[in-house]
Amino acid sequence: MRATIRQNSLANLHADVDAAMSQLRIDDSGTYRSVLVIRQPGEPTLTREEVLSGAEVRATLRVQLQVAMHEVEQDAPDVIEARWARESARNQYRTQTCTYTRTAASVNTPEPVADPRATLAPEPVPAHVTEPADYIALVADDGDSSDALDLCGRLTRDGHTKQAIDVRRAITRGVLDRAVLRKVAEDFACQLREEYREARTLLAVGPRAA
């Protein structure tokens, strides 16, 4: 399967992500190797590898499709690839792919009963989760009012309408209030991290509760 996520409205974004996730074959109790590759002209290629459970893959992939990737593809049961291949000046022509490869299938044996929240909560949130907020912080530090207005358009297209409004309110008479914009970035980053943790927890608890 291959799916493209529309980012022209929040409703389309969530509908496409839900549809894509329902078609993916993920072994929630299996073990996967995650390889994230980020490329940007003039910069070294960034590669990050992680070992995740299938449940963690499901939660991480959902967040990626919501905030950082626009395509997902699965041609074989054991391999899933999410990608952002739309090069543009706004994201400094950066592209990224994240490939999940199942390395061990689940075993149908009883597992010790434990509260998944106790193990999930301490783990760090991947950096890509807060990428939309990072753009706001970048404009707050190094941009000007025109950059902020461009950012408003991008946030709106990506479905982050509230944050787009908050960014616009940081501009008064053509002057950018950097302190206000930094606060918007901090609040948005906290929101994205919380949504990521909640999604991972709910997805981990759900199968056990069934």
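Positions are given from 1 along the sequence.
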Colleague: Do Thr4 and Asp16 come within less than 4.5 Å of each other through their side chains, counting heavy atoms only?
Modeller: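 Not touching, per the 4.5 Å side-chain cut-off.
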Colleague: With heavy-atom distances below 4.5 Å as the criterion, would you say the side chains of Ile165 and Arg168 are in contact?
Modeller: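 SC-SC contact between Ile165 and Arg168 ruled out.
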Colleague: So, the side chain of Ser34 versus the backbone of Glu50: is there a donor-acceptor pair under 3.5 Å, distance only?
Modeller: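 Answer holds: no.
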Colleague: Within a radius of less than 6.0 Å around CZ of Arg169, do more than 12 heavy atoms belonging to other residues, nucleotides or ligands occur?
Modeller: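 No - once you tally the heavy atoms of other residues, nucleotides and ligands closer than 6.0 Å, there are 12 at most.
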Colleague: Looking at every heavy atom in both Ala137 and Ala185, which two are closest together, and how far apart are they?
Modeller: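 So the minimum-distance heavy-atom pair works out to N-CB, 3.7 Å.
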Colleague: Is there a path from Leu46 to Leu36 through hydrophobic residues (I, L, V, M, F, W, Y) whose side chains come within less than 4.5 Å of each other?
Modeller: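 Leu46 clusters together with Leu36.
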Colleague: Would you call Ile5 and Gln66 a side-chain contact if the rule is heavy atoms closer than 4.5 Å?
Modeller: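 Contact flag for Ile5/Gln66 side chains = no.
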Colleague: CG/Leu192 to CG/Asp187 distance, rounded to the nearest 0.5 angstrom?
Modeller: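 It comes to 11.0 Å.
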Colleague: To the closest 0.5 Å, what do you measure between CZ (Arg178) and CG (Asp144)?
Modeller: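 Here the rounded value is 7.5 Å.
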Colleague: Hydrophobic cluster membership, with links at side-chain heavy-atom distances under 4.5 Å among I/L/V/M/F/W/Y: are Ile171 and Leu155 in one?
Modeller: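 Yes; Leu155 is reachable from Ile171 via cluster members.
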Colleague: If only atom types and distance count, is the side chain of Gln191 paired as donor or acceptor with the main-chain N or O of Glu194 below 3.5 Å?
Modeller: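 Not a single qualifying donor-acceptor pair exists.
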Colleague: Can any side-chain N or O of Ser9 pair as donor or acceptor with the backbone N or O of Asn12 at less than 3.5 Å?
Modeller: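 Checked: pair present.
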Colleague: Salt bridge (charged side-chain N to carboxylate O under 4.0 Å, His left out) between Asp18 and Arg62: does it pass, once the steps are laid out?
Modeller: CA-CA 8 Å; Asp18 289 343; Arg62 175 175 288 274; 2.7 Å; yes
Colleague: Checking salt bridge (charged side-chain N to carboxylate O under 4.0 Å, His left out) for the pair Glu43/Arg94: CA distance, chi angles, key distance, verdict?
Modeller: CA-CA 10 Å; Glu43 299 291 338; Arg94 179 169 58 180; over 6 Å; no
Colleague: Looking at Ile26 and Arg58, what are the two nearest heavy atoms and their distance?
Modeller: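 Nearest pair, atom of Ile26 first, then Arg58: O-NH2, 3.3 Å.
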Colleague: Tell me the closest heavy-atom pair linking Val139 and Leu176, and the distance in Å.
Modeller: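 Shortest heavy-atom separation between Val139 and Leu176 comes out as O-CD2, 4.1 Å.
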Colleague: Can you confirm whether Ser29 sits close enough to Asp27 that some side-chain heavy atom of one is under 4.5 Å from a side-chain heavy atom of the other?
Modeller: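 Yes; the side chains approach each other to less than 4.5 Å.
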Colleague: Mind checking whether Pro132 and His160 have side chains closer than 4.5 Å, heavy atoms only?
Modeller: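 The answer is yes; the side chains approach within 4.5 Å.
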Colleague: Nearest 0.5 Å please: distance from the CG atom of Leu52 over to the CZ atom of Arg102.
Modeller: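 So the gap between those two atoms works out to 14.5 Å.
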Colleague: What heavy-atom pair brings Met69 and Thr97 nearest, and what distance separates the two atoms?
Modeller: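 It is CE-C, 4.2 Å.
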Colleague: Is a side-chain N or O of Thr103 found less than 3.5 angstrom from the main chain of Thr31, in a donor-acceptor match?
Modeller: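 The answer is yes, because a donor-acceptor pair under 3.5 Å joins these two groups.
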Colleague: Take atom CZ of Arg33 as the centre, draw a 6.0 Å sphere, and report whether it contains more than 12 heavy atoms from other residues, nucleotides or ligands.
Modeller: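 Atom CZ in Arg33 is not crowded, with 12 or fewer foreign heavy atoms closer than 6.0 Å.
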Colleague: Report yes if some heavy atom in the side chain of Asp177 is under 4.5 Å from a heavy atom in the side chain of Thr172; otherwise report no.
Modeller: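 No, side chains not in contact.
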Colleague: Does a side-chain N-to-carboxylate-O contact under 4.0 Å join Arg154 and Asp150?
Modeller: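 The answer is no: the pair does not qualify as a salt bridge.
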Colleague: Quick check on the hydrophobic clustering: are Val37 and Val63 connected, directly or via other members, by side-chain heavy-atom contacts under 4.5 Å?
Modeller: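 No, Val37 does not connect to Val63 through the hydrophobic network.
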Colleague: Taking atom CD of Gln74 and atom CZ of Arg25, what is their separation to the nearest 0.5 Å?
Modeller: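 Here the rounded value is 5.0 Å.
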Colleague: Is any side-chain heavy atom of Tyr100 closer than 4.5 Å to one of Thr60?
Modeller: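 They are in contact (side-chain heavy atoms under 4.5 Å apart), so the answer is yes.
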Colleague: Would you give the length of the straight line joining atom CG of Leu151 to atom OG1 of Thr156, rounded to the nearest 0.5 angstrom?
Modeller: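 Leu151 atom CG to Thr156 atom OG1 measures 9.0 Å (nearest 0.5 Å).
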Colleague: Calculate, to the nearest 0.5 Å, the distance between atoms CZ and SG belonging to Arg83 and Cys98 respectively.
Modeller: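 One finds 11.5 Å between CZ of Arg83 and SG of Cys98.
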Colleague: Taking all atoms of both residues into account, what is the closest heavy-atom pair of Gln96 and Ala68, and its distance?
Modeller: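 So the two residues come closest at NE2-O, 3.2 Å.
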Colleague: Restricting to non-hydrogen atoms, name the atom on Ala85 and the atom on His70 that form the minimum distance, rounded to 0.1 Å.
Modeller: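 So the minimum-distance heavy-atom pair works out to N-NE2, 3.0 Å.
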Colleague: What I'd like to find out is whether the side chain of Met1 reaches to under 4.5 Å of the side chain of Leu24, using heavy atoms alone.
Modeller: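 The answer is yes, as the side chains (C-beta and beyond) meet within the 4.5 Å cut-off.
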